[in-house]
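Here the structure comes first, spelled out in structure tokens, and everything after it is commentary.
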Amino acid sequence: MSDPVVAGKNPIEATLEAGEYWWCSCGRSRNQPWCDGSHAGTDFTPLRFRLEAKETVWLCTCKHSANPPYCDGAHELLD
Ligand code: FES
């Protein structure tokens, strides 16, 4: 599997309503942190996640989190 594109080196804070979301895992989306279909032709697929209630979350943009779609601090270890 190829490496994802590092779309950013800081997470995006988002207050989201309950519902289903598609997080970009390839890093190519121009609408970070959401999938825009740019993974087409790559090994990547978007990650679907669901929130049961309104919540403020920190979404990974570096695509190296071990707990996607959430930031786990991995961006601090990137060059
Ligand atoms: S932005 Fe990816 S781990 Fe923080």
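Indexing begins at 1, ligand by ligand and atom by atom, following the structure's order.
The backbone N or O of Thr56 lies less than 3.5 Å from no partner atom in the side chain of Thr15, so there is not a single donor-acceptor pair.
Tyr70 has its side chain out of reach of Pro11: every pair of non-hydrogen atoms, C-beta onward, lies at least 4.5 Å apart.
Between Phe49 and Trp34, the ring planes are parallel. Angles under 30° get that label, and only those over 60° would be called perpendicular.
Between the side chains of Ser38 and Ser29, no donor N or O sits under 3.5 Å from an acceptor N or O.
Set against the non-hydrogen atoms of Ala74, the atoms of ligand 1 under 4.0 Å away are 3 (S). Close approach of ligand 1 to Asp72 (heavy-atom distance below 4.0 Å) involves ligand atoms 3 (S). Annotation for ligand 1: atoms under 4.0 Å from non-hydrogen atoms of His75 are 1 (S), 3 (S), 4 (Fe).
When SG of Cys60 and SG of Cys62 are joined through atom 2 (Fe) of ligand 1, the resulting angle is 100° to the nearest 10°.
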